[in-house]
Amino acid sequence: MANEPIKIRIKRQPGPGVASSWVDFEMPYRASMNVISCLMEIQRNPVDASGKPVDPVSWDCSCLEEVCGSCTMVINGRVRQSCSALVDNIRKERPGEPISLEPMTKFPVVRDLCVDRSRMFESLKKVKAWIPIDGTHDLGPGPRMNEVDRAESYKLSECMTCGCCVESCPNYNEDSKFIGPAAISQVVLFNSHPTGAMNAGERLDAIMGEGGITDCGNAQNCVNVCPKSIPLTTSIAKASRATSVRMITNLFDR
Amino acid sequence: MAEPRVAVIGGGLAGLMAAIRIAEKGGKVLLFSVVPVKRSHSVCAQGGINGAVNTKGEGDSVLQHFDDTVYGGDFLGDQPPIKAMTANAPRIIYLLDRMGVMFNRTPEGLLDFRRFGGTLYNRTAFAGATTGQQLLYALDEQVRRHEADGKVEKFENWEYLSSVIDDEGVARGIVAQNLSTMEIKAFACDATIIATGGPGRIFGKSTNSMICTGFAAASLYKQGAKYANGEFIQIHPTAIPGEDKLRLMSESARGEGGRVWVPKSSSDTRSPRQIPEAERWYFLEEKYPKYGNLVPRDIASREIHRVCYKLKLGIGGGAKVYLDLTHKPREVLNKKLGGILEIYEKFVGVDPREEPMQIFPAVHYSMGGLWVGYETKADGEMDMTHPKTHMTSIPGVYAAGEVDHLYHGANRLGANSLLSCIFSGDVAGPASVAYAKGLAKGADSVDKSIFDREVKRMQTEVDGIAARTGGENPFKIVDELGYMMLSECTIERYNAGLKTTRAKLDDLQARADRAIAGDSGKVANQSLRFAHQLPYLVQLAKVMVDGALARNESRGAHYKPDFEKRDDENWMATTLAQFDAKANGPSLSYVPVDARFIKPRPRTYGAPGN
Ligand SMILES: Cc1cc2nc3c(=O)[nH]c(=O)nc-3n(C[C@H](O)[C@H](O)[C@H](O)COP(=O)(O)OP(=O)(O)OC[C@H]3O[C@@H](n4cnc5c(N)ncnc54)[C@H](O)[C@@H]3O)c2cc1C
Ligand code: SF4
Ligand code: SF4
Ligand code: FES
């Protein structure tokens, strides 16, 4: 089967809020192709499997090395990056069947495989995912950190806001207000930084209450799909403990 | 005047740093980017960022960093800006540290530094193997903070198309297109900073991201901006050939003992481990017994190219050679090279610990870019706060980052780019605010017709393409462009080949000018967008080829076997290309390099690396 032509089914949608439909494509196989090179092939030769000319498929991509997060889509029913989805591997997942490509379902579709993930960036704003430095003027080095803590935090800092985790989360959808695991994990990242810790309370407040951490049903889907192996459920547990403590202190402060 | 409004085009390291500085100075930022800024190409950088912090007690200094950079650039770089950049590098690294970048630490909890090419010092700060990503995120977070405060307004998924230039030749704003709705619109602003990154796409496939097209720079060049040193393109010797992209394979693979070889016969179809030692050709080790596989980047790239194209001895006759680590124990490889070997494994589907990697040089970085000026103070140092510093030749438009030409001369040292991007944003941001504050009248009081006519010019171009039928597919044409540029305008350049290529580019220009979108979509029409960009990319390719053709010497990344020596008497000069509408191509002129601090000397590198 290795050199057989590649068959792909793509869920297409010409614009926001209109109906979608499946279109079949077929193209010659070349060694080491990934899903992106298949989509590029459609750009060069926009015809469907029957040879009928169609509009080329729209999708997002940039780095092509699984570090920018742009190209996330649902491939063979599983959310992941299309640049690191190699044809040889994904064809094995469903032998004899076409590769299926769909846009993520938790975000508004712009066109075809392009979705609008601005909600995730808004969440980062909500939880104040930054270190509040005094300014860019020269104030010397930052705080010292021990390498063990640094390595722990580094894992969390690799989140590329790709959306896989929220796509897989049963509690995150267009109707719910749940902020999602990626943003909660960022709270843990910034609250563990020596300077960031000075504003830890603000970030915790942002994930308490409606749409906050208590909306997590602990289904663990998120941690299993994160391409960067970010320990999301560990972050959620940490944040959960911290918010409980804060709830009690807030109570006494009143 | 009210608060100055600055349009920052691009949210890579350079654009984000500029945005932060403008916000701090009380300006209002309109930040445009074709992707959410967090997805900018800067995320790809792995290695690190240079700064002479001297934490290892080696006696490193900012002046040594300055000298290494000038020498590494083969004395084509103007020295005052390089001096300023290297002097500010420790401050910039500390700033990033304060912003929360998870830089690797020493046992004492201080920033750790590692070795990189072109220097003998441990001068490169790094955050795991994802330094660019970590730096970009830190700046992205700071910009988000200013956005929450209302000082920055983001226009993500918007593409800069052109500048609005009034009848006095002063830029008064920009025209941009919403890539979802395809709406084209003008934005009035007192100053503009172009921070749109490199032009890798002109070469078809490169180590760059897909969005690194060079379009914004080409558009401004067509509007009259000078483009400098276009012929200087860095080729990295070891990249992973791919269907869609040439992913970088870090130099550290050779640092840890990786050996480059090809089968002695190109018709040898055995799997590499089946090929006995006697039938392998370790061509780098043979030709350079002293440095072996660790010869400098330009030499390694040239040798691999020669073996594949001139001697036709690439693997199976193709353009690939082996980079072999299989003689090293698995545990050692995992410990020292884990990250990069995983990239190879993930994308090629082959375990490089078991089977030699197949690699080939790839276009990596553009030293050239939009020409920007700088002012100096009485002592000869760059005046970092002067409104003309970092301005392009169009008043009111600045450039920063890979898209400017200022810091790397004829060859960039590894880990100096993350530095130059951040430093140039750090300078261009405040300079643009100083310029805006000094304007007699702000962009708001400019007649509306000036904006309307530029919107109309762009709308007409785009509508023309959408309505066109019968032309060629732009993605096929760019494949041809890439092939042409790769074969004649990269590692080895010959005047005959460059002349033929130049003639072919004229032909390609005519075809690109007639390319069709072939997409009737009303939203997110990516083919229409690319068909619009393509003719501009061909224009920029002509700048690169003409620059290379004219420069009859060898310097840094520009190598002509027929002119093997550096010629300081005739060519210690910056190439300036300006668009000539009659010729539909560049007209070239030259200005001498500002070498006021360090006298040129022969570039003889003993040391491996770079
Ligand atoms: C694989 C790889 C590894 C590297 N490793 C290192 C390293 O270890 N150390 C080092 O110093 N350097 C390294 N470099 C070089 C360095 O990464 C780049 O030179 C640098 O990141 C460029 O930053 P920038 O801010 O200029 O542009 P970019 O990061 O490329 O950002 C450009 C921005 O402009 C936007 N844009 C582009 N066109 C338009 C338009 N028309 N309208 C609106 N927005 C637009 C994009 O959306 C983006 O936001 C590496 C490069 C590569 C390819
Ligand atoms: S946590 Fe993982 S899956 Fe979620 S957005 Fe970040 S990188 Fe993607
Ligand atoms: S653990 Fe929480 S955040 Fe993760 S998928 Fe489950 S419900 Fe969603
Ligand atoms: S294109 Fe960047 S993650 Fe796939």
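Numbered from 1 within each chain, the chains take letters A, B, ... in sequence-line order.
Smallest separation of non-hydrogen atoms from V523(B) and P16(A): CG2-CD, 4.3 Å. Between R39(B) and S62(A), the closest heavy-atom pair is O-OG, 3.9 Å. Of all heavy-atom pairs between G518(B) and D55(A), the closest is O-OD1, 4.0 Å.
Heavy atoms of P132(A) lying under 4.5 Å from chain B belong to its backbone as well as its side chain. In this structure, chain B has a heavy atom under 4.5 Å from the backbone of A31(A), while its side chain stays farther away. Both the backbone and the side chain of L124(A) come within contact range of chain B, judged by heavy atoms closer than 4.5 Å. When heavy atoms are compared at a cutoff of 4.5 Å, F530(B) does not approach chain A at all. The contact between F190(A) and chain B is made entirely by side chain atoms (from C-beta outward), counting heavy-atom distances below 4.5 Å.
Among residues two or more places apart in sequence or in another chain, the salt bridge (charged side-chain N to carboxylate O under 4.0 Å, His left out) test is passed with R145(B) by none. The ring-ring contact (aromatic ring centres under 6.0 Å, His included) check on F423(B) picks up Y407(B), with sequence neighbours excluded.
Most heavy-atom pairs under 4.5 Å with chain B, from the set S70(A), S118(A), S37(A): that is S70(A).
The main-chain N or O of G135(A) is found under 3.5 Å from a side-chain atom of R98(B) such that the two form a donor-acceptor pair.
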